Enquirer: 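Take this structure first; my questions come after.
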Amino acid sequence: MLPAGDSYDSVRAAFRWQIPSRFNIGVACCDAWADGSNRLALLHLRADGRLEPLSFDALKAASNRLANALRAQGIARGDRIGVLLPQVPEAAIAHLAAYKLGAIAVPLFQLFGEDALEYRLRDCGAAALVTDATGLAKLAAIRARLPALRLILSADGAAEGALDLHGLMACASDAFTPVDTAADDPALIIYTSGTTGAPKGALHAHRVLLGHLPGVEMPQELFPKPGDLFWTPADWAWIGGLLDVLLPSLFHGVPVLAHRMAKFDPDFAFRLMAEHGVRNAFLPPTALKLLRGAPPAPGLRLRSIGSGGETLGAELLDWGRATFGCAINEFYGQTECNLVVSNCSTLMPIRPGRMGRPVPGHAVAVLDAAGRPLPPGEAGTVAIRRPDPVMFLGYWNNPEATAAKFIGDWLLTGDQAVLEEDGYLRFLGRDDDVITSAGYRIGPGEIEDCLTAHPAVAMAAVIGLPDALRTEIVTAIIVPKPGIVPDAALAAELQAHVRQRVAGHAYPRRVEFVEALPLTATGKIMRGALRRQFSGGAAP
Ligand SMILES: Nc1ncnc2c1ncn2[C@@H]1O[C@H](COP(=O)(O)OP(=O)(O)OP(=O)(O)O)[C@@H](O)[C@H]1O
């Protein structure tokens, strides 16, 4: 735990990792709190509006039953178990059972279509899948092409090719001796978002959870505190939902509010947080942008808010502080090495436009093309030095991609940033997204932030399009707010808006209006897809 009232520098200097040689996420996040006291672990708001509390004791019994049931069906240590479920208790139970069994959990988004599911289930060679009727419907078309998949369990009862999850659990013993795993043993494969290409399966060890803990304590402001209740609209299949929220909360004995949200509804999200007294939230930038367009519900009691996955920007930061009465703390990381940079309003002033400073315990640098650390002020690749408990073991079945991810001991994120003199990192963009125009290197984030501050703009994406004279020209793709009819005058106004607020060289020479932006399942803008879509058109 980081001491309250300390400065970032002293906290960082005093920090030491304490990673035991044997560690199991399932034991640490469940059995450790199951002491017969019925301490609350999950508060499940069901689709019918009923609240279903689940204690750590119940979670332990249920995950033990599932671990026994899986073993009885021939699923063993090292097997991959897909978890295709929304935010429901069965998803947490499946994860915990997989870890206790020494198996490898593979979280999968409910929103995935058949192709996305097939790609991931084939790639990891999943032997079992825990899902529900929605998942089964998608699986029907691809099942025949998944020869490794021998067991499907459905939370909605038996169906063709699937066994009844609850029926099997009811027949199994609630006593189970967890497999004694090393902290370095594999626990989890999380697929990257696929923002830049085919998603890759990042294999993580049990220690990945311990690697997240100083990060959670830092940006979540001395998490845990009595009365904390955590909620995120992010899917638990995403590293942000699973490793920034669900598992760290359970590790600390903090309850998590669980609710299946088919589509993010900002009015409902505000009400949910107010009515249930949510105190800690992880709200990705896309969710914050949608919340900004809705009236806040009375009675919000949030004390810590994290956000990450994309640039947050000053505009959302200001709105967040005014709306929630507390700062929004930014997280930076990636599926392969998550939560390595952050800010925390109790430890350091939050600087708009900066994603924060390295989280204690992580060696983060900005490197040149040869892998040498650059001095402050120079743009380069963000890298993290190994060993680091939060770092992945490698890409599943892809040693070439794993090797290409490193120069020496530095993991290359593929992101461009500048380390400022004051120790804060300024994110420029992914390698592919940084725009080179007339000799300048321009990050899309700052311009997008500026554009979304304009009253006519709901969402904005900024990309570079090829240009004979300037190498690339800055292009803004705008989703106008409802009721706004875009025209040339609005385009000119937006250009002037950026010129005045950001810089003359960074203003969008081309402005396009669209109804929606292409987003990944985690809500990130797919700028590569936009580049392909718009690179044929002529600049005005
Ligand atoms: N706070 C942040 N500010 C800006 N960008 C961020 C922030 N946090 C994360 N990101 C971006 O998200 C990336 C990590 O995303 P993730 O691991 O989900 O996969 P992806 O990179 O989107 O997918 P793929 O690797 O398949 O293209 C980071 O490398 C960075 O580009």
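Numbering of residues begins at 1 and proceeds along the displayed sequence. Predicted, not measured: the structure shown is a model, and the values here were computed from it. One-based numbering, in listed order, for ligands and for the atoms of each.
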Enquirer: Is there a polar contact between ligand 1 and Thr413, counting only N or O atoms under 3.5 Å apart?
Expert: no
Enquirer: Touching ligand 1 at all, Gly333? Heavy atoms, strictly under 4.0 Å?
Expert: yes
Enquirer: Examine Asp415 against ligand 1 and note whether any of their N/O atoms are separated by less than 3.5 Å.
Expert: yes
Enquirer: Which of the numbered atoms in ligand 1 are below 4.0 angstrom from a heavy atom of Trp238?
Expert: 18 (O)
Enquirer: Please identify which atoms of ligand 1 are closer than 4.0 Å to at least one heavy atom of Lys524.
Expert: 12 (O), 13 (C), 14 (C), 15 (O), 16 (P), 18 (O), 22 (O)
Enquirer: Parallel, tilted or perpendicular: which fits the ring planes of Phe392 and His204, with parallel below 30° and perpendicular above 60°?
Expert: tilted
Enquirer: Run down the list Gln334, Arg354, Gln416, Glu310 and name the one with the heavy atom closest to atom 3 (N) of ligand 1.
Expert: Glu310
Enquirer: Pairs of donor and acceptor atoms involving the side chains of residues 449-459, under 3.5 Å and at least two apart or interchain, shall be tabulated with distances.
Expert:
from   : atom 1 : to     : atom 2 : distance (Å)
Asp449 : OD1    : Glu315 : N      : 3.3
Asp449 : OD2    : Ala314 : N      : 2.9
Thr452 : OG1    : Glu448 : O      : 2.8
Thr452 : OG1    : Asp449 : O      : 3.1
His454 : ND1    : Ala456 : N      : 3.0
His454 : NE2    : Glu493 : OE2    : 2.8

Enquirer: Quick check on contacts: which atoms of ligand 1 are under 4.0 angstrom from a heavy atom of Glu330?
Expert: 1 (N), 2 (C), 3 (N)
Enquirer: Are any of the N/O atoms on Phe427, whether in the backbone or the side chain, positioned under 3.5 angstrom from an N/O atom of ligand 1?
Expert: no
Enquirer: Would you say Tyr191 contacts ligand 1, with heavy atoms under 4.0 Å as the rule?
Expert: no
Enquirer: Can a salt bridge be assigned to the pair Asp228 and Arg303 using a cut-off of 4.0 Å between side-chain N and carboxylate O?
Expert: yes
Enquirer: With no hydrogens and no angle check, do the side chains of Glu336 and Tyr395 hold a donor and an acceptor under 3.5 Å apart?
Expert: yes
Enquirer: Taking side chain as C-beta onward, heavy atoms only, is Trp231 less than 4.5 Å from Ser249?
Expert: no
Enquirer: Is the closest side-chain donor-acceptor distance between Gln110 and Asp235 under 3.5 Å?
Expert: no
Enquirer: What are the two closest non-hydrogen atoms of Gly125 and Arg80, and how far apart are they?
Expert: O-NH2, 3.5 Å
Enquirer: Applying a 4.0 Å heavy-atom criterion (strictly less than), which segment of Phe331 is in contact with ligand 1: side chain, backbone, both, or neither?
Expert: backbone
